[in-house]
Amino acid sequence: MKKIIIDTDPGIDDAMAIHLAFAHPDLEVVGLTSIFGNVHVPIATRNALALAEMAGSDCPVAEGAETPLVQPQHPPGYFVHGDDGFGNSGVIEPKGGKDPRGAAQFIVDSINAHPGEITLCPIGPLTNIALALRLDPSIASKTAGVVVMGGAVETPGNVTEYAEANIWHDPHAAAEVFATDWPMTLIGLDVTEVVRCTPEDFDALEATSPRIGSFLNRAVQFYFEWHRTKPHYAHGPFEGCFMHDPSAVLAITNPEFFTFRETPIVVETDGERIGQTARASQGVPVKVALEVDAQAVRAAFLKFTSQADSQRG
Ligand code: BDR
Ligand code: CA
């Protein structure tokens, strides 16, 4: 079992990734940490608590940063994820409360308690990860891996021509994280826009997992509508959705689904290209996913998430 901490802004595809991770037999979710991005951080924390409870997990949920490190905050992605972060499928009030520690402190404490064992899986802006590194730079050598959903290296961005949303929300934090010498993997739009699921896939999930599958199927309808109607920089509208955040979780359990190239990455922190993740000739090498077996990722997501009801709860 691999121990993971998911740093998340739930978020419809975040909810998919989190339920996949809880249901996956090879993963132990030791905690969730919340971040702004798709929603403001109090909603992200509430949703993370609700997702853990739905999955029958009592893992800690620690609240993260409310704002980016340097730049003014961008509006949240309510137009993609709904006002409640779950596609306006309805607010779920959790019964339990958040961890007394902030996200950065929780990350530092967890890595120090299990040196060499924890993989970080940030699927939102990288503010909490940068703050954890500032709090205790020694975690860099004690982290098993950092598998980030974010960025776009050979493909256009999704909020601007250059920038992917998670990096665009806090490019200065991303720059600090990419400059750190630790084992980083980047699961960006180059691969996550290739991995897609359809309405039929989520109907099937609901049939096999009536509790968690039906929650995801309700939430994803709003996400489908966005993919059906909104322009995308690299893709036309289509019926279905990109599987951004679940792809990062599956890159931890099944790296063989992806083809990687090692390259330093520089994050643009100014000007028209702010938020761009570009190859650099010097710096810390990052494993960048450039190709994916999309059907293998889709099938694994559906297989494990369809078992979500029977795993717990
Ligand atoms: C990323 O941004 C958010 O909208 C998604 O949850 C995903 O993490 C994709 O660009
Ligand atoms: Ca996300």
Side-chain angles (χ1 to χ4, degrees), residues 4-5 7 33 35 37 64-65 68-71 74 103-104 107-108 111 115-116 118-193 233-234 244-245 247-248 251-252 255 258-292:
I4 65 168
I5 294 174
D7 187 67
T33 50
I35 188 65
L69 293 184
V70 176
Q71 72 182 15
H74 291 305
I107 290 169
V108 165
I111 292 170
I118 291 184
T119 298
L120 297 176
C121 185
I123 55 175
L126 291 166
T127 322
N128 293 334
I129 311 300
L131 290 171
L133 283 165
R134 287 183 181 186
L135 201 58
D136 182 356
S138 82
I139 62 168
S141 62
K142 303 175 197 156
T143 304
V146 189
V147 180
V148 174
M149 191 283 126
V153 177
E154 291 191 345
T155 198
N158 58 1
V159 281
T160 71
E161 193 181 332
Y162 305 105
E164 180 279 331
N166 288 342
I167 307 297
W168 179 76
H169 275 290
D170 195 344
H172 300 86
E176 291 187 19
V177 171
F178 279 90
T180 300
D181 187 3
W182 58 349
M184 265 185 77
T185 300
L186 189 64
I187 303 297
L189 300 183
D190 303 273
V191 289
T192 66
E193 288 186 339
Y233 285 98
H244 301 295
D245 294 344
S247 298
I252 298 169
F258 301 84
T259 306
F260 299 98
R261 166 122 22 118
E262 287 217 0
T263 172
I265 290 289
V266 64
V267 180
E268 188 55 65
T269 54
D270 202 9
E272 183 194 16
R273 290 175 184 254
I274 191 164
Q276 186 177 32
T277 46
R279 278 194 190 142
S281 52
Q282 289 190 329
V284 182
V286 173
K287 275 177 75 180
V288 178
L290 291 178
E291 286 176 41
V292 60

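Owing to the predicted nature of the structure, the values given are computational and were not obtained by experimental measurement. These values consider heavy atoms only, across backbone and side chains, with no hydrogens, waters or symmetry-generated copies.
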Anything under 30° is parallel, anything over 60° is perpendicular, the rest tilted; go ahead and classify H169 against H74. perpendicular
The criterion is salt bridge (Lys or Arg N to Asp or Glu O under 4.0 Å); which residues satisfy it with E161, sequence neighbours excluded? none
Salt bridge (Lys or Arg N to Asp or Glu O under 4.0 Å) partners for E268, two or more places apart: none
Is it the case that T33 and D7 place a side-chain donor and acceptor less than 3.5 Å from each other? yes
For a quick test of reading the model, state the closest non-hydrogen atom pair linking [X] to [Y] and the distance between them.
{"X": "T180", "Y": "A140", "value": "CG2-CB, 3.8 Å"}
{"X": "I274", "Y": "A163", "value": "O-CB, 3.4 Å"}
{"X": "A103", "Y": "G64", "value": "CB-CA, 3.5 Å"}
{"X": "G275", "Y": "I167", "value": "O-CG2, 3.3 Å"}
{"X": "T192", "Y": "S247", "value": "CG2-CB, 4.0 Å"}
{"X": "A130", "Y": "E176", "value": "CB-OE1, 3.9 Å"}

Counting C-beta onward and ignoring hydrogens, is there a side-chain heavy-atom pair between [X] and [Y] closer than 4.5 Å?
{"X": "N166", "Y": "P125", "value": "yes"}
{"X": "L133", "Y": "I139", "value": "yes"}
{"X": "E193", "Y": "N158", "value": "yes"}
{"X": "E154", "Y": "L290", "value": "yes"}
{"X": "F258", "Y": "T185", "value": "no"}
{"X": "L126", "Y": "I35", "value": "no"}
{"X": "V292", "Y": "I187", "value": "no"}
{"X": "R261", "Y": "V153", "value": "no"}

What distance do [X] atom [atom1] and [Y] atom [atom2] have between them, rounded to the nearest 0.5 Å?
{"X": "D136", "Y": "L131", "atom1": "CG", "atom2": "CG", "value": "13.0 Å"}
{"X": "H172", "Y": "L69", "atom1": "NE2", "atom2": "CG", "value": "8.5 Å"}
{"X": "I129", "Y": "R134", "atom1": "CD1", "atom2": "CZ", "value": "13.5 Å"}
{"X": "I107", "Y": "L135", "atom1": "CD1", "atom2": "CG", "value": "10.0 Å"}
{"X": "Q276", "Y": "Y162", "atom1": "CD", "atom2": "OH", "value": "7.0 Å"}

Output yes when a side-chain donor or acceptor of Q71 lies under 3.5 Å from a complementary backbone atom of W168, and no otherwise. yes
Any donor-acceptor N/O pair, D190 side chain to T155 backbone, under 3.5 Å: yes
So which of I265, V284, V146 actually passes side chain to side chain contact (heavy atoms under 4.5 Å, CB included) with M184? V146
Which residue, T143, V147, I252, V177, forms the side chain to side chain contact (heavy atoms under 4.5 Å, CB included) with L120? T143
